[in-house]
Amino acid sequence: MSIANNTMVVNLQISMWSGYKLDKGMSQRVTSEANAAADAARVNKHIVPKESLKEIVTAAGSLRTHFYARTLPWGDNGDRLLPRLAYTDFVQEHGRLEQEFHNAVDNFIKEKYLAARDQAEFRMGEMFRAEDYPEADQLRRRFAVNLDVHGVPTGRDFRVDMDKQTTDMLRQQIEEKNAERVGTAMRDVWERLSTVLTHFANKMGEDAVFRDSTVKNLEELVEMLPALNVTEDPELEKIRQDITDTLIGYKPKDLRKDTAVRQAAAKESRRIADQMASFMGAFQ
């Protein structure tokens, strides 16, 4: 399977206004009154209530959670690998979450920020500075979501005009690095599945309360596995099929009420988790 033909590299950047502002005068005052060195303390003031930014922070968190759940590790600069098979669903959900982010920004700027700015002089007391509060149009530019999408670089893409020996060496390095990254990506898939499955097995094996997400998370990950299995690993596919045949379909309410059903789920999930452990030794 060609990684370059069946995957792409994506990078998510989210810019946000923190609502913090360094108060140099207050910092100097605090250190002076404490007889401390000038760099011993910094006073960062919340020029708007933290609660007013909560909706934006939550929306940004949802974007990041979705991004990491449906992609695989690739580069050290935040690049992630997105399987071609997952692209359409990924982009649709990303677009929905991005719109929620922008809606939260609009709500903040049009309502919460204006209210906070009107109350700022009373709220901030001696720390109030009118210049700390940008105009709404300036503030809006502090919030942004950007999703970069580009192809996986290969040795064939390297076309710098250099001598053949050097060019061949650099191309080989690119291919070796890609192979290393693919290995890291697949290890991530195995570890992710192992973590979710082991959690499910532990909860089913205990006489304890569990959340519906214990079941849902396993179902969602198994559904994504065909796309995340970018090397078409046959052992991973066998595990996926085994989980599908034996564990997918259980309802949380049945697992809570029926002891026999829960014990059966616990037994099967432990069996598969143990089987996975033998395969995962190759990634150590």
Side-chain angles (χ1 to χ4, degrees), residues 3 5-19 48-75 77-116 136-152 185 188-189 191-193 195-197 199-200 211-230 240 243-244 248-252:
I3 292 296
N5 291 338
N6 290 282
T7 62
M8 61 204 78
V9 177
V10 290
N11 193 301
L12 175 66
Q13 303 100 35
I14 302 176
S15 301
M16 293 178 58
W17 182 66
S18 67
V48 297
K50 290 178 64 176
E51 185 67 23
S52 66
L53 288 163
K54 184 177 180 180
E55 187 180 359
I56 301 176
V57 172
T58 298
S62 296
L63 274 165
R64 292 192 182 95
T65 297
H66 170 258
F67 178 73
Y68 283 101
R70 284 156 178 77
T71 59
L72 300 170
W74 187 250
N77 61 342
D79 282 350
R80 303 277 294 181
L81 199 66
L82 175 65
R84 175 180 55 83
L85 294 176
Y87 177 78
T88 300
D89 290 342
F90 173 86
V91 169
Q92 289 178 349
E93 181 64 7
H94 174 82
R96 185 187 71 80
L97 293 172
E98 183 177 353
Q99 188 58 55
E100 288 187 357
F101 176 86
H102 291 305
N103 290 344
V105 172
D106 286 342
N107 184 47
F108 168 72
I109 292 177
K110 293 177 180 178
E111 298 182 18
K112 298 176 182 178
Y113 177 67
L114 295 180
D137 59 339
Q138 296 175 324
L139 184 57
R140 187 179 296 277
R141 291 194 288 269
R142 306 279 187 93
F143 297 93
V145 176
N146 183 54
L147 181 69
D148 287 335
V149 182
H150 53 276
V152 175
D188 181 85
V189 178
E191 290 177 348
R192 198 186 299 185
L193 179 58
T195 298
V196 173
L197 179 61
H199 178 73
F200 178 89
R211 298 181 178 180
D212 288 2
S213 59
T214 300
V215 178
K216 183 179 179 182
N217 289 345
L218 181 62
E219 291 177 344
E220 290 182 346
L221 182 53
V222 169
E223 184 179 353
M224 287 191 293
L225 279 181
L228 294 178
N229 189 1
V230 294
R240 184 199 68 81
I243 295 174
T244 300
I248 301 304
Y250 283 121
K251 303 298 183 184

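Model, not experiment: these values are computed from the prediction. Index from 1, following the sequence.
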Going through the checks in order, is the side-chain contact (heavy atoms from CB on, under 4.5 Å) test met by Ile248 and Ile243?
CA-CA 6 Å; Ile248 301 304; Ile243 295 174; 4.1 Å; yes

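- Using a 4.5 Å heavy-atom threshold, the side chains of Phe67 and Leu147 count as touching.
- For Asn11 (side chain) and Asn77 (main-chain N/O), a donor-acceptor pair under 3.5 Å exists by modelled atom type.
- Between Glu111 atom CD and Ser52 atom OG the span is 12.0 Å, to the nearest 0.5 Å.
- A salt bridge links Glu55 to Lys112: at least one charged side-chain nitrogen sits closer than 4.0 Å to a carboxylate oxygen.
- For the side chain to side chain contact (heavy atoms under 4.5 Å, CB included) test with Leu12, the passing option among Asp79, Val145, Asp148 is Val145; the others fail.
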In sequence, state the C-alpha distance, the side-chain angles, and the governing distance for Ile56 and Asn107, and then conclude on side-chain contact (heavy atoms from CB on, under 4.5 Å).
CA-CA 9 Å; Ile56 301 176; Asn107 184 47; over 6 Å; no

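- Exactly one residue among Gln92, Glu100, Gln99, Glu98 makes a side-chain hydrogen bond (donor to acceptor under 3.5 Å, both in side chains) with Arg96. That residue is Glu100.
- Between Ala227 and Ala86, the shortest heavy-atom distance links the atoms CB-CB, 3.9 Å.
- Remark: the backbone N or O of Ser213 is paired with a side-chain donor or acceptor of Asn217 at under 3.5 angstrom.
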Take Val215 and Lys251 through the test side-chain contact (heavy atoms from CB on, under 4.5 Å) and record every step on the way to the result.
CA-CA 8 Å; Val215 178; Lys251 303 298 183 184; over 6 Å; no

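- One distance of note links CG of Leu218 with CZ of Phe200; it measures 6.0 Å at 0.5 Å rounding.
- Distance check, rounded to the nearest 0.5 Å: OG of Ser15 to CZ of Arg141 gives 13.0 Å.
- Under the ring-ring contact (aromatic ring centres under 6.0 Å, His included) criterion, Tyr113 pairs with Trp17, Phe108, sequence neighbours left out.
- Atom CG of Leu228 sits about 9.5 Å away from atom CG of Leu81, to the nearest 0.5 Å.
- Considering every non-hydrogen atom in both Ser62 and Leu97, the closest pair reads O-CD1, 3.7 Å.
- With hydrogens and angles disregarded, a donor-acceptor distance shorter than 3.5 Å links the side chain of Arg80 to the backbone of Thr71.
- Only one option out of Lys216, Arg240, Arg192 pairs with Leu221 in a side chain to side chain contact (heavy atoms under 4.5 Å, CB included); it is Arg192.
- Taken to the nearest 0.5 Å, the CG atom of Asn146 stands 4.5 Å off from the CD atom of Gln13.
- When all heavy atoms of Asp212 and Pro252 are compared, the pair lying nearest together is OD1-CB, 3.3 Å.
- Between Glu219 and Tyr250, the closest heavy-atom pair is OE2-O, 3.8 Å.
- Here Arg70 pairs with nothing under the side chain to side chain donor-acceptor pair (under 3.5 Å) rule; sequence neighbours left out.
- When all heavy atoms of Val230 and Pro83 are compared, the pair lying nearest together is CG1-CG, 3.8 Å.
- Without hydrogens or angle criteria, Thr7 side chain to Ile3 main chain gives a donor-acceptor distance under 3.5 Å.
- Remark: His94 NE2 to Phe101 CZ distance equals 10.5 Å, nearest 0.5 Å.
- Of all heavy-atom pairs spanning Ala69 and Met224, the tightest one is O-CE, 3.8 Å.
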Go through the steps to decide whether Arg140 and Asp106 satisfy the test side-chain contact (heavy atoms from CB on, under 4.5 Å), and finish with yes or no.
CA-CA 8 Å; Arg140 187 179 296 277; Asp106 286 342; 2.3 Å; yes

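- In this structure, His66 has its ring center closer than 6.0 angstrom to the ring center of Phe90.
- Within 6.0 Å of CD in Glu220 there are more than 12 heavy atoms belonging to other residues, nucleotides or ligands.
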